[in-house]
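Sharing a structure here in structure tokens format.
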Amino acid sequence: MALTLAGCGDDGGGDDKSKDPQKSSAPQSQGAGSQAPVPSKGQSPQPTEIIATLTGEAGVTLAVNSVRREAGGFVTISGQIKNTGSQSYQNTAAWRGVELNGTGESVAGATLVDKVGKKRYYVLRDTESRCLCTTGISSVDPGQVVPFFAQFPAPPTATSEVEFSLPTFTTATVKISG
């Protein structure tokens with residue numbers, strides 16, 4: 001599966017850097033036409049440690065596998081969205097949030113809250129206002145698992161825990177590693 005993910009979404013720009021946010025040392029944008037790969041029904045990526053599980057509507061869950069402070073001043077959250085329900089989940093438009101209009105199908109509505117520093121962080125954007133996050137999720141079929149990532153400005157290094165939220169899901173407190 002890792003080889004398949006690395007090969008998906010090539011925008012022809014000649015950049016041979018890995019599209020895997022887990023291996024990136026700088027924010028990577030999902031450019032127009034290079035949406036996050038969406039596994040077919042029944043196919044699932046290899047899960048890692050589950051740090052938190054957020055419960056959503058209609059049996060949809062979000063498992064957070066990693067919350068890492070990266071070089072360059074950002075935090076990458078990655079995990080998996082899974083539909084454990086019996087019907088296709090179509091309410092993914094709520095996930096893009098209201099921060100910017102025209103963001104398309106994405107998880108740009110995700111936020112981090114530093115309760116100690118009293119600050120909310122929104123998903124990073126590239127110079128063309130595209131989110132540095134998973135894009136292209138229009139629905140999640142029953143049993144389908146969709147890889148998820150979002151990158152945020154890093155809170156101060158003294159901040160070790162933040163609240164993570166995505167519209168339609170519960171909120172979870174997660175510890176930042178790295």
Side-chain angles (χ1 to χ4, degrees), residues 1-9 18-24 28-30 34-70 75-100 103-113 115 120-124 130-152 161-178:
M1 181 67 177
L3 293 174
T4 303
L5 290 174
C8 291
S18 171
K19 298 291 184 189
D20 183 353
Q22 301 256 347
K23 295 179 184 176
S24 172
Q28 297 286 322
S29 171
Q30 300 265 327
S34 55
Q35 299 173 342
V38 178
S40 62
K41 183 177 178 180
Q43 182 182 14
S44 65
Q46 295 297 319
T48 58
E49 176 185 11
I50 296 176
I51 296 169
T53 301
L54 288 68
T55 306
E57 302 172 326
V60 178
T61 61
L62 190 158
V64 176
N65 300 123
S66 174
V67 181
R68 290 191 341 210
R69 187 180 301 272
E70 308 278 359
V75 169
T76 301
I77 295 188
S78 60
Q80 302 174 2
I81 297 171
K82 181 176 183 180
N83 184 348
T84 63
S86 60
Q87 299 201 356
S88 182
Y89 184 75
Q90 305 290 321
N91 192 24
T92 63
W95 299 346
R96 66 180 165 214
V98 295
E99 179 192 2
L100 288 176
T103 58
E105 298 164 340
S106 71
V107 294
T111 60
L112 294 182
V113 173
K115 287 183 133 185
R120 179 180 310 267
Y121 297 91
Y122 295 96
V123 172
L124 287 168
R130 293 179 300 224
C131 75
L132 300 182
C133 66
T134 301
T135 61
I137 306 172
S138 59
S139 65
V140 184
D141 291 332
Q144 184 179 16
V145 177
V146 179
F148 161 88
F149 88 97
Q151 295 180 320
F152 301 87
E161 286 187 342
V162 290
E163 280 190 352
F164 171 71
S165 64
L166 180 66
T168 76
F169 289 92
T170 56
T171 299
T173 300
V174 293
K175 187 171 180 95
I176 301 171
S177 65

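Residue indices begin at 1 and follow the sequence shown. Everything quoted here is computed from the prediction, not taken from an experiment. Hydrogens, waters and symmetry mates play no part in the numbers below; they use all other heavy atoms, side chains included.
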Minimal non-hydrogen separation, R69 against V75, with atom names:
CA-CG2, 4.3 Å
Within 6.0 Å of CD in Q90, more than 12 heavy atoms from elsewhere
yes
Candidates V107, V123, L112 - the one meeting side-chain contact (heavy atoms from CB on, under 4.5 Å) with I77:
L112
Would you indicate whether the side-chain heavy atoms of I81 and V60 approach each other to under 4.5 Å?
yes
Mind checking the CZ-CZ spacing from F152 to R120? Nearest 0.5 Å is all I need.
11.0 Å
Closest heavy-atom pair and its distance - C131, S106
SG-CB, 3.8 Å
Looking at V145 and Q80, what are the two nearest heavy atoms and their distance?
CG1-OE1, 3.5 Å
Can you confirm whether the side chains of D141 and S88 place a donor and an acceptor under 3.5 Å from each other?
yes
Quiz question: by atom type and distance under 3.5 Å, do the side chains of N91 and E57 form a donor-acceptor pair?
yes
Side chain to side chain donor-acceptor pair (under 3.5 Å) evaluation trace for T61 with T53
CA-CA 7 Å; T61 61; T53 301; over 6 Å; no
To the closest 0.5 Å, what do you measure between CD (E161) and NZ (K115)?
10.5 Å
Validation row: N65, I50 side chains within 4.5 angstrom (heavy atoms)
yes
Pair up each side-chain donor or acceptor in residues 166-178 with any protein partner under 3.5 Å, not counting sequence neighbours, and list the distances.
from : atom 1 : to  : atom 2 : distance (Å)
T168 : OG1    : W95 : NE1    : 2.9
T170 : OG1    : T55 : N      : 3.0
S177 : OG     : V67 : O      : 3.1

Once ring-ring contact (aromatic ring centres under 6.0 Å, His included) is applied, do any residues pair with F164, and if so which ones, sequence neighbours excluded?
F148
Once side-chain hydrogen bond (donor to acceptor under 3.5 Å, both in side chains) is applied, do any residues pair with T92, and if so which ones, sequence neighbours excluded?
none
Are the charged groups of R96 and E105 less than 4.0 angstrom apart, N to O?
no
Do Q144 and K82 come close enough that some side-chain heavy atom pair is under 4.5 Å?
no
